[in-house]
Participant: 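Encoded as structure tokens, here's the structure I'll be asking about.
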Amino acid sequence: MTTVPIPEDWPATEEQAHAVQDALRARVILDEPGPPPGQGHVTGVDVAYDDERDVVAAAAVVLDASSLGVVAEATAVGRVSFPYVPGLLAFREIPTVLAALEALPCPPGLVVCDGYGLAHPRRFGLASHLGVLTGLPTIGVAKNPFTFSYDDPGTARGSSSALLAGSEEVGRALRTRDGVKPVFVSVGHRVTLDQACAHTLALTPAYRIPETTRRADALCREALRKTYSA
DNA sequence: GCGACAG
DNA sequence: ATCTTGTCGC
């Protein structure tokens, strides 16, 4: 497999990365409802790292939104394009994730990211960034509340509460399993927060984490492992 | 200035 | 994210 090159114009400093986010943020589309849950394709993307070897592996897994069966998969391997800095995660993952998405044999439909969209210090997290670059509808489903606050949602699956940046609702804490820690959903691009939550529930019939990111997580780890032997 | 901080 | 075995519980 070929190694994904880091773009020539990729930011090298935090200041440059902030400037890119500030410039692209205006292109996020928030007035579209997004695709209906349970129909068409839903694609999960995720990334695994080996900072020692400076290697990153990304995976994109397309599921049938109705059956949650796997329709297609693709992976890509690249060099780590940015250090981990809270708020700048996108610059670490996007080049390789884009390559994996482009390697898919079919349209991805809605893309589900492992992280945040609008719930971000500058309202432009990974999911929004990926959405603007691809034009695809995207949402972010994170495992941790990052710097945001929230009241614990009801104990039943489906319960939710506002994820807050001060008094602004930037996402939602959504319970996907009875009595289990909620996930944190935010809008990426071309999807409404209500629809993002509906999709998340449709993707969690058995586990806390969406089936899309579970599949993508397993696949990118496997791709990273194969990078050692071959 | 010191901590906290998606993955 | 990643380092890492067994173990408690449904």
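These numbers come from the heavy atoms of this one structure, side chains and all, not from hydrogens, waters or symmetry mates. In what follows, every chain begins at residue 1, and chains take the letters A, B, ... in the order their sequences are listed. Owing to the predicted nature of the structure, the values given are computational and were not obtained by experimental measurement.
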Participant: Does any donor atom in the side chain of Tyr84(A) or Asp51(A) lie under 3.5 Å from an acceptor atom in the other side chain?
Facilitator: no
Participant: Specify the closest pair of heavy atoms between Val187(A) and Ser128(A), including all atoms of both residues, with the distance to one decimal.
Facilitator: O-OG, 3.7 Å
Participant: Can you give me the first and the last nucleotide of DNA chain C (5' to 3') that has an atom within less than 4.0 angstrom of a non-hydrogen atom in chain A?
Facilitator: dA1(C) to dT2(C)
Participant: For DNA chain B, which residues in residues 201-216 of chain A have a heavy atom at a distance below 4.0 Å?
Facilitator: none
Participant: Count the heavy atoms belonging to other residues, nucleotides or ligands that lie under 6.0 Å from CZ of Arg27(A), then report whether that count exceeds 12.
Facilitator: no
Participant: Got a second to check how far Leu24(A)'s CG is from His189(A)'s NE2, nearest 0.5 Å?
Facilitator: 11.0 Å
Participant: Detail all sub-3.5 Å separations between protein N/O atoms and N/O atoms belonging to nucleotides 5-7 of chain B.
Facilitator:
{"unit_1": "dA6(B)", "atom_1": "OP2", "unit_2": "Tyr84(A)", "atom_2": "OH", "d": "3.0"}
{"unit_1": "dA6(B)", "atom_1": "N7", "unit_2": "Gly87(A)", "atom_2": "N", "d": "3.1"}
{"unit_1": "dA6(B)", "atom_1": "N6", "unit_2": "Gly87(A)", "atom_2": "O", "d": "3.2"}
{"unit_1": "dA6(B)", "atom_1": "N6", "unit_2": "Leu88(A)", "atom_2": "N", "d": "3.4"}
{"unit_1": "dA6(B)", "atom_1": "N6", "unit_2": "Leu89(A)", "atom_2": "N", "d": "3.3"}
{"unit_1": "dA6(B)", "atom_1": "N6", "unit_2": "His120(A)", "atom_2": "NE2", "d": "3.4"}
{"unit_1": "dA6(B)", "atom_1": "N1", "unit_2": "Leu126(A)", "atom_2": "N", "d": "3.2"}
{"unit_1": "dA6(B)", "atom_1": "N3", "unit_2": "Tyr116(A)", "atom_2": "N", "d": "3.1"}
{"unit_1": "dG7(B)", "atom_1": "OP1", "unit_2": "Lys143(A)", "atom_2": "N", "d": "2.9"}
{"unit_1": "dG7(B)", "atom_1": "OP1", "unit_2": "Lys143(A)", "atom_2": "NZ", "d": "3.4"}
{"unit_1": "dG7(B)", "atom_1": "OP2", "unit_2": "Asn144(A)", "atom_2": "ND2", "d": "2.6"}
{"unit_1": "dG7(B)", "atom_1": "O3'", "unit_2": "Asp114(A)", "atom_2": "OD2", "d": "3.4"}

Participant: To the nearest 0.5 Å, what is the distance between CD on Glu14(A) and CD on Gln21(A)?
Facilitator: 10.5 Å
Participant: Can you give the dot-bracket line for DNA chain C, where a pair is Watson-Crick or G-U wobble with both atom distances under 3.5 Å, crossing pairs use [ ], and | marks a partner on another strand?
Facilitator: ..........
Participant: The criterion is salt bridge (Lys or Arg N to Asp or Glu O under 4.0 Å); which residues satisfy it with Asp64(A), sequence neighbours excluded?
Facilitator: none
Participant: Which distance, rounded to the nearest 0.5 Å, do you find between the CG of Leu193(A) and the CG of Leu30(A)?
Facilitator: 10.5 Å
Participant: Of the residues in residues 185-197 of chain A, which ones touch DNA chain C at a heavy-atom distance under 4.0 Å?
Facilitator: none
Participant: My understanding is that a hydrophobic cluster links ILVMFWY residues whose side chain heavy atoms are under 4.5 Å apart, including indirect links. Using that, what else belongs to the cluster containing Tyr116(A)?
Facilitator: Phe146(A), Phe148(A), Tyr150(A), Leu163(A), Val170(A), Phe184(A)
Participant: Mind jotting down which residue pairs meet the ring-ring contact (aromatic ring centres under 6.0 Å, His included) criterion with at least one end in residues 29-48 of chain A? Sequence neighbours excluded, please.
Facilitator: none
Participant: Could you give me the CA-CA distance, side-chain angles and deciding distance for Arg172(A) and Asp194(A), then say whether salt bridge (charged side-chain N to carboxylate O under 4.0 Å, His left out) is met?
Facilitator: CA-CA 9 Å; Arg172(A) 212 160 274 165; Asp194(A) 282 334; 2.8 Å; yes
Participant: Please, what dot-bracket string fits DNA chain B when only Watson-Crick and G-U pairs with both distances under 3.5 Å count, crossing ones use [ ] and pairs to another strand use |?
Facilitator: .......
Participant: Can you pull the side-chain hydrogen bond (donor to acceptor under 3.5 Å, both in side chains) pairs that have at least one residue in residues 97-108 of chain A, sequence neighbours excluded?
Facilitator: none
Participant: Tell me which pairs pass ring-ring contact (aromatic ring centres under 6.0 Å, His included) where either residue lies in residues 44-83 of chain A, with sequence neighbours left out.
Facilitator: Phe82(A)-Phe91(A)
Participant: Going from CG on Leu126(A) to CG on Asp114(A), what distance comes out if it is rounded to the nearest 0.5 angstrom?
Facilitator: 8.5 Å
Participant: The criterion is side-chain contact (heavy atoms from CB on, under 4.5 Å); which residues satisfy it with Ala58(A), sequence neighbours excluded?
Facilitator: Val47(A), Thr96(A), Val97(A), Ala100(A)
Participant: Same hydrophobic cluster for Leu101(A) and Trp10(A), using side-chain heavy-atom links shorter than 4.5 Å among ILVMFWY?
Facilitator: yes
Participant: Shortest non-hydrogen contact from Ala202(A) to Leu68(A)?
Facilitator: O-CD1, 3.8 Å
Participant: Compare every heavy atom of Thr176(A) with every heavy atom of Arg208(A), then report the nearest pair and how far apart it is.
Facilitator: O-OG1, 2.8 Å
